[in-house]
Every structure is written in structure tokens, then in C-alpha cells.
Novice: 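Structure in C-alpha cells, see below.
None of the values given here were measured: they were computed from a predicted structure.
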Amino acid sequence: MSGFIYSEGSGLNSAVIGKKLAPVRAIISESVEAFENASLIDKLFFMDKSKGWAANYSSETALSGFQDVGEGGAFPQDSFQEGFDKTIQFRVWKDQFTVTKEMLDDASVGKIKSKANMFAQAYGRGREQYAATLLAGGIAKNTTFKNKVYDTTSADGVPLFSKVHPSKTKGAKQTQSNLFKAIWSDGSKKLMDVMDAVQEKMQDFTDDDGNILSVMPDTIIIPNSAKLKRAVFAAVGSELDPDSSNNAMNFQMGLWNVLIWPYLPKVLGEKEYFMMADSQFLQNYMCLPFVDRVPLQVDSHLDDNTWNTVFQGYARYGAGFNNWRGIAICGEGMSDATELK
């Protein structure tokens, strides 16, 4: 989030009215800031700003690398190749609330503060829900949020999470997967082993020319599921293998930042799941852009018909997926996914 802009419109020039409504501005500001501090959006998405109607993101292949040219040899010719690109359009978001004339007459400060707080909470919560819905919806080409359909493909045209991400330079001849399936809740596999396998797969991600990108997963994202939380923290928080009696060292301990995002669905495909990400790669390669075009603007005006004070909020922002390589998902109920043996 990026704060908000507050202005007072027509009919509110009275010093008395202005004084009674003064707490509204402070409450909205404090609530928006509180949501910003607790938000997980900026932990996963690349936060950006724009002055246009849309923003375009693209990727490039890695350089082929240094070559041994011998003593006095000439510099080899090396170059980038452009990868897929993605355009993100910004959505318009609006809401409003009303402070009645009677509330002002009765100096009902508590009710006024409550309405202002709920308004700011709705703004912050809406952003979190929007971002989390897009991310979880990345297992398909689109997802629905509040009756609107949103694109959840990455720049290569397939879902953010897919087992057939094509190469820009080699096409479908070279595909990669960041969508995995494994069963661990029935005891047939240990969650720690599944996480090891996903980590290995991500470390093997390459660019469109097949160059290893050195993706280093350091973040695990899960919904607010008590059972899954206990299993994940047991897998990554114990010095020793939690499922072994031979005191085997658990090399996963201390490697992970676990993010619990309550706005994510508790299950996907009716089963448990987790996401794994390289937080630095997500930022360096602008993998998941979240663009603030217009920060929250709050205006207030007097309704001539009722003499109530109406507060209206307006914002423009949008999110989408550019480079899929910074994140992967693994679940027990995933369909058309790469099976982890």
C-alpha cells in the first residue's frame, strides 16, 4: 500500500463539522498503515508504480558466460535474448460509507470512528484477498474474485503454476514445471522429503536458453491451516529429522521463512498444499508485479438530500504474473501436475 490522499468536498467548510469529523482522517490513516505493516503482498509480489494505463514486464535470457580465449585473445560476442512479456492493466476500486446527520448532532464519536475503521479495514482486506486469490488461482488460466474474472497466466501464456512452461527460444521442446503433486498426509511420504524434492526442482530451473539460474528457495507460503502449520514447522524447525529415530540431521532447519497467509484458501483440489519461493529472485526478476497506479483517495461531501456526510474511496491498482521461476506449488490434490516420486 502507499498511504492515502484525503480531501474535503463541498458542504463541509463548517468549522464545527470539520472538528467532529477530524478523527476520521486519523483513523483511516492508522488503519491503512497497520494493514500495510502486516501485509504479505510485498513479501511475494514486486511492488511497483506507474503513470500509464497499464504496465509491461518482460524477461531476458542469461548471458552464455565467460569463455577461455587464451593469452591475448579477443573478447567473445555475448548477448541477451528477450523472453516473454506481460502487460498488466489497472483495475478501479471504489467504496463508500456514510456518517449520518444524527451522529454528528449527538457527537457519536464511537460510531463515527467505527465506520471509518471498517472502511479502512475493507480497503486493506480487499487488497490482500485480491492478491491471495490471484496467487492461489495461478493453478489455472484465470480465477474469479468478487464476480470478476482475472487472468492468472504468466508471460509465457500458461498458468503461473504449470508443468509445461515453454521456452521462448526453444518452444515446447524444452518445458519446465513449477506445479507438483505428492501425497504426504497418509504417511506414505514425509513432508520433509517432499519439500526437499520441490527445493531441488526449483534449484534446477533454467532460463529459456537452458542456463541454470541459481534459484535459491528461502520462503514457504501456506494457508492458515492448523494441521499444515504443525507439519511444516515440524519439518523445518527441528534440528533432527522429526520422523526418524536415528538422530539424522535435518538440514532444512533455519533455511526457511514461513509465511502464513490467512487469505489463501485452506485447500486446493480439496487437499493440502504449500508454495515455495525464492524471495530475492521474485524481486530481482519482477516475477509477480503488483502495481499501484493511484493510491487510496478519500473524499467527503455533504448529501444535500439527507444532510448526511458521505465518504468515498477510490484507488487503482492491478497485479499479474510475469516470470514463473521464482515460485512453485506442491499439493496433494493438484491435477495435471508433475508427480514427485
Side-chain angles (χ1 to χ4, degrees), residues 1-45 47 49 90-136 145-148 150 221 223-224 259-266 290-319:
M1 290 178 223
S2 54
F4 79 103
I5 300 170
Y6 181 86
S7 61
E8 288 186 352
S10 62
L12 296 178
N13 296 322
S14 166
V16 175
I17 294 178
K19 186 176 182 179
K20 289 181 178 179
L21 295 177
V24 172
R25 180 176 183 176
I27 291 168
I28 295 176
S29 177
E30 289 172 3
S31 295
V32 169
E33 183 179 354
F35 243 106
E36 185 177 49
N37 292 335
S39 173
L40 293 189
I41 297 176
D42 61 352
K43 307 297 188 299
L44 298 171
F45 287 76
M47 306 305 292
K49 295 182 180 180
F90 312 127
R91 303 284 183 151
V92 176
W93 307 85
K94 294 181 179 180
D95 200 2
Q96 69 177 26
F97 72 98
T98 300
V99 174
T100 66
K101 177 69 164 60
E102 290 73 21
M103 287 182 187
L104 288 174
D105 291 342
D106 300 339
S108 301
V109 177
K111 289 183 179 180
I112 295 173
K113 287 183 176 181
S114 177
K115 282 181 171 286
N117 188 62
M118 288 190 292
F119 175 77
Q121 292 281 320
Y123 172 69
R125 183 175 60 250
R127 285 171 63 96
E128 295 288 314
Q129 290 173 329
Y130 168 68
T133 300
L134 287 187
L135 190 60
F145 176 62
K146 294 187 177 181
N147 300 318
K148 296 281 188 178
Y150 296 91
I221 308 101
N224 186 31
L259 301 180
I260 302 167
W261 207 359
Y263 298 98
L264 289 171
K266 293 185 184 293
F290 192 110
V291 190
D292 278 299
R293 174 62 180 87
V294 178
L296 175 61
Q297 295 181 343
V298 179
D299 192 8
S300 55
H301 67 272
L302 195 66
D303 184 339
D304 292 334
N305 192 44
T306 64
W307 285 17
N308 296 332
T309 302
V310 180
F311 288 84
Q312 296 177 320
Y314 169 96
R316 283 180 68 193
Y317 57 81

Novice: May I ask you to test the Val298-Tyr123 pair for a side-chain heavy-atom distance under 4.5 Å?
Specialist: no

Novice: Supply the atom-to-atom distance Asp105 CG to Trp307 CH2, rounded to the nearest 0.5 angstrom.
Specialist: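 So the gap between those two atoms works out to 9.5 Å.
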
Novice: For Asn308 versus Thr100, what's the shortest heavy-atom pair and its separation?
Specialist: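 Nearest pair, atom of Asn308 first, then Thr100: OD1-CA, 3.2 Å.
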
Novice: Please test Phe145 against Leu134 for side chain to side chain contact (heavy atoms under 4.5 Å, CB included), starting from the C-alpha separation and ending with a verdict.
Specialist: CA-CA 8 Å; Phe145 176 62; Leu134 287 187; over 6 Å; no

Novice: Sequence neighbours excluded, which residues qualify as ring pair (Phe, Tyr, Trp, His ring centres under 6.0 Å) partners of Tyr130?
Specialist: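 Partners of Tyr130 by the ring pair (Phe, Tyr, Trp, His ring centres under 6.0 Å) criterion, ordered by chain and then number, come out as Trp93, Tyr150, Tyr317.
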
Novice: Once rounded to the nearest 0.5 Å, what's the spacing between atom NZ of Lys94 and atom CZ of Arg316?
Specialist: 11.0 Å

Novice: How long is the gap from OH on Tyr314 to CG on Leu296, to the nearest 0.5 Å?
Specialist: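 One gets 11.5 Å once the value is rounded to the nearest 0.5 Å.
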
Novice: Just how far is it from atom CG of Asp303 to atom NE2 of His301, taken to the nearest 0.5 Å?
Specialist: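 Rounded to the nearest 0.5 Å, the CG-NE2 separation comes to 6.0 Å.
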
Novice: Less than 4.5 Å apart, side chain to side chain, heavy atoms only: is that true for Asp292 and Arg127?
Specialist: yes

Novice: Please assess Leu259 against Leu44 for the test side chain to side chain contact (heavy atoms under 4.5 Å, CB included), listing each intermediate value before the final yes or no.
Specialist: CA-CA 10 Å; Leu259 301 180; Leu44 298 171; 4.1 Å; yes

Novice: State, yes or no, whether a side-chain contact exists between Ile112 and Leu104 at a heavy-atom distance under 4.5 Å.
Specialist: yes

Novice: In Å, rounded to the nearest 0.5 Å, how long is the span from CD of Gln129 to NZ of Lys146?
Specialist: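 It is 5.5 Å, given to the nearest 0.5 Å.
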
Novice: Which heavy-atom pair separates Ser31 from Asn117 by the least distance, and what is that distance?
Specialist: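 That closest heavy-atom pairing would be OG-OD1, 2.7 Å.
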
Novice: Could you tell me which non-hydrogen atom of Gln312 sits nearest to which non-hydrogen atom of Phe119, and how far apart they are?
Specialist: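 Closest approach of Gln312 to Phe119: C-CZ, 4.3 Å.
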
Novice: Got a second to check how far Lys101's NZ is from Asp106's CG, nearest 0.5 Å?
Specialist: 9.5 Å

Novice: Contact between Met47 and Ile41 at the side-chain level, heavy atoms closer than 4.5 Å - yes or no?
Specialist: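 Heavy-atom side-chain distance check passes, below 4.5 Å.
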
Novice: Which pair of non-hydrogen atoms, one from Thr309 and one from Ser300, has the smallest distance, and what is that distance?
Specialist: CG2-CB, 4.4 Å

Novice: Looking only at non-hydrogen atoms, find the nearest pair between Val294 and Gln297 and report the distance.
Specialist: CG1-NE2, 3.6 Å

Novice: Minimum heavy-atom separation for Leu40 to Ile260, with atom names?
Specialist: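 Closest approach of Leu40 to Ile260: CD1-O, 3.6 Å.
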
